[in-house]
Amino acid sequence: MDVRRKEHGYNEVAETKEYPLLKFLGKFWGLSPGMLELIMVLSVVLGKYSDLIVVSTLLVVNAVVSYLQESRAAGVVAALRKRLQVSARVLRGSSWLVLPARELVPGDIVRVRSGDIIPADIELLTGALTVDQSALTGESKDADQVPGRTLWSGCVARRGEGTGVVLLTGSKTRFGRTTKLVQEARPKFHIDAVMSKVVRWLFLVVGTLLAIVVVMSLIRGTSLWEVVPLILILLMSAIPLSLPVMFTVSMAIGSKELAKRGVLVTRLSATEDAATMDVLCVDKTGTITMNQLAVTGVIPFEQATEADVLFAGALASEESNQDPIDLAFLAAAKQHHILDNRPTVTTIEFKPFDATNRRTEALILESGKRQRVMKGAVHTIAEACRLLPAAIATLEEHVTAAATKGYRMLAVARGPETGKLALVGMVSLFDPPRPDARQLIAALQERGVHVKMLTGDALEVASEIACSVGLTKILRMADVKTVGEQVNEKRADLFAGADGFAEVFPEDKYIVVKRLQSAGHVTGMTGDGVNDAPALRQAEVGIAVSSATDVAKGAASVVLTEPGLTNIIALVEQGRTIFQRILTYIVNKISRTILKTSFVAIAFMVTGKFVISAFGMLLLVFITDFAKISLATDHVRPSKKPETWKIGPLIVVSVVLGVLMVVEALFALRLGWSRCGLSANKNVLHTFSFLLLLYFAAFSIVSARERRWFWSTMPSRPVALSIMAEILIGTSVTLVRLPELAPLSWDQMLGLFGYAMVACLVVNDAVKVILIKRFFQN
């Protein structure tokens, strides 16, 4: 025993150990944290301790929020590992013991009974079992297991009992490999990449201006120490301080709206990813289908009618057993009101399904006569009716033909208690599509989201289901993998071009998602079982249906709390709404960064003076940037196709608008320089520039929030109030005689206000509309 334990280890999946402190400290490494840390160093050198405190607080808060959000992933693996913590009946020596399943090693003899979770991959030696393996394989039908077959870890024994030998334990089992895939799955967060690109682009603009300023300073003989304050100002204005907060608020508001529609978002970035999602992989069982069998056809024999067949089948069923087949017969009989129109029947004895005889049987009392009714496997019932081999072979042909279309055939018989049974008829069972499945797929395709069905069913079954919901091109997974080994590029085309894949294993679902992602697709995945967990975790948008297991819900980023899938449409539209709000922020931030940095740098090169103080720029950044958080509530229209972060044309628009505002601001400075005495009073110059940039910031939001003319839609109430508050607070600050800010006269302030309003809402708005029409409507 000790030798086997040393060789194979415990029957559990080892979790990679992470050090929370190191993970938290990692949040202080990167471009955005680095820029904030550089500003902190410069603040210390210059003695700007108030700036140091503010920036330090900002850095720590951002690190804490990011760390807490990412820590949620650990719960997925914990849920899976908990499933392995079950007990097992083990033969040790000559005694049967009940031990924790983690103690099992290959070679152990174990006993499995009805209701047990299979504790490891086991080869059945004796007995017979019916096993529910839908959570692992995706099959909606129970699987009958006989000696020589393998019982997979994590499945549930529904009926029967047997003895087997342990083959594989821990991460080597199929269930364990699923757990390990969830550990390895790391979804791609597109907003993180976009935020990094925005910061890098802004840093490039600032760096270029700094280089020009340094060269000009050296040429003019200015000490570099005099340039350091400008460096501090420009770096501070370039950092999108409120972008992470605005993103989080946008996601939270969107999540609250979705919760009202039965959609629970467990990872905030999932709503943003839903906006860019262009492929949705859909698990068949429990997602496209109901995950419950239903009667789809009845073939009566001789003098019997369809009602007679369903009536006999219902009598041979027991609702309290909650057997899927029994429930299917009872539901069909109830739907056709068959039991209502028959004489009262009393059940004397009921024998539930058993793997050895493959049938259910009941002894009933009907009209004073004792009768036997039974239903089960066609071959079994045919033999019970003593049919000839030729007749049985004919029946088997019906079974085979139905199986190729995904139907399961059962036979029904009845007769006197001691006499010969008569074959009443056969019934086909089918796991039907959900009522909303076809509608959902059509609606998603109208919105540019391609749907792909993934299932462990045979190709014939999968194709039949797919066709019923509007999907046509279904491929066998093994064939795709074979082609992929030969031509990698063609494999990518097959993954992208197919409507779905059949005969898929859990590992394959995970691979499909990763391959689609590597081909540039933003991928969603729906599912309900343990077998779906790795793909749910890997997908940008992992969606667990309402009936999903705890493991699947833990792995998903979105959980549907109501039956059906139509709420996915709400998720997509809400995501695209949030995307437009974030895009407005980014475009406005780029144009305003160009305005602030270019204005301050060019003014320094021309006048040799800092037109705004470091304190004033810090105040401006906080007032204007955090006011834009209200954009998370703005009224926008979701697009009719998946969004994309390839926003080059919009960046061009924002750059043009930024350059235009620089020209307008410099012109205003030129007028104020001669008419307001700015050259003689440094504090008045700082206030003039502060208010000029403040009013440009406020009115540029009004223009940027709408892709058409700014009056095309009204801003939301929070946006309107925040813009007014920004103007009032910023103006009031200049009146209380803070350090380096001297009050302006009321006519000067009104002049700046009117100038910025006309520049942004008339000139710049017209330029914006012309550029957007050129880039997006040609």
Side-chain angles (χ1 to χ4, degrees), residues 1-18 73-137 142-143 145-184 355 505-507 529-531 533-534 549-552 554-555:
M1 179 60 61
D2 292 337
V3 174
R4 284 186 289 166
R5 170 84 66 242
K6 185 176 181 180
E7 178 182 355
H8 300 283
Y10 286 100
N11 182 29
E12 60 187 7
V13 179
E15 184 176 357
T16 303
K17 187 176 182 180
E18 290 187 344
V76 178
V77 175
L80 282 169
R81 294 180 73 241
K82 187 175 180 181
R83 281 288 301 271
L84 285 177
Q85 296 174 3
V86 297
S87 298
R89 304 174 190 86
V90 189
L91 181 62
R92 290 285 170 84
S94 58
S95 303
W96 287 95
L97 305 175
V98 178
L99 299 176
R102 72 185 299 267
E103 300 289 337
L104 293 179
V105 294
D108 275 340
I109 303 299
V110 297
R111 184 71 173 174
V112 180
R113 295 179 180 175
S114 178
D116 288 349
I117 295 177
I118 309 301
D121 285 357
I122 298 170
E123 180 183 349
L124 191 61
L125 300 178
T126 62
L129 288 161
T130 298
V131 178
D132 176 6
Q133 52 189 24
S134 62
L136 189 62
T137 67
D142 292 344
Q145 305 291 358
V146 296
R149 300 290 295 275
T150 299
L151 309 179
W152 303 115
S153 172
C155 298
V156 178
R158 292 181 64 92
R159 289 177 291 276
E161 59 183 25
T163 302
V165 58
V166 175
L167 300 177
L168 297 171
T169 58
S171 60
K172 297 179 181 179
T173 66
R174 179 179 290 189
F175 187 87
R177 291 198 301 272
T178 301
T179 308
K180 201 163 186 179
L181 284 175
V182 174
Q183 283 183 304
E184 295 171 355
F505 290 102
E507 297 91 337
V530 176
N531 64 309
T549 63
D550 290 339
V551 172

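Predicted model, so just to flag it, every value in this text is computed and none were measured.
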Exercise: identify the closest heavy-atom pair between [X] and [Y]:
{"X": "Asp121", "Y": "Ser153", "result": "OD1-N, 2.9 Å"}
{"X": "Arg92", "Y": "Glu103", "result": "NH2-O, 3.3 Å"}
{"X": "Ala88", "Y": "Leu104", "result": "CB-CD1, 4.0 Å"}

*side-chain contact (heavy atoms from CB on, under 4.5 Å) with Ile109: which residues, sequence neighbours excluded?*
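Testing Ile109 for side-chain contact (heavy atoms from CB on, under 4.5 Å), a comparison that skips the adjacent residues, returns Leu91, Trp96, Leu125, Thr163, Val165.
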
*Say you draw a straight line from CD1 of Ile122 to CG of Leu129; how long is it, rounded to the nearest 0.5 Å?*
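Between Ile122 CD1 and Leu129 CG, I get 9.5 Å after rounding to 0.5 Å.
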
_OG1-CD1 distance between Thr150 and Ile118, expressed to the nearest 0.5 angstrom_ =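 So the gap between those two atoms works out to 11.5 Å.
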
_Are Leu151 and Gln145 packed together at the side-chain level, in the sense that at least one heavy-atom pair is separated by less than 4.5 angstrom?_
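SC-SC contact between Leu151 and Gln145 confirmed.
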
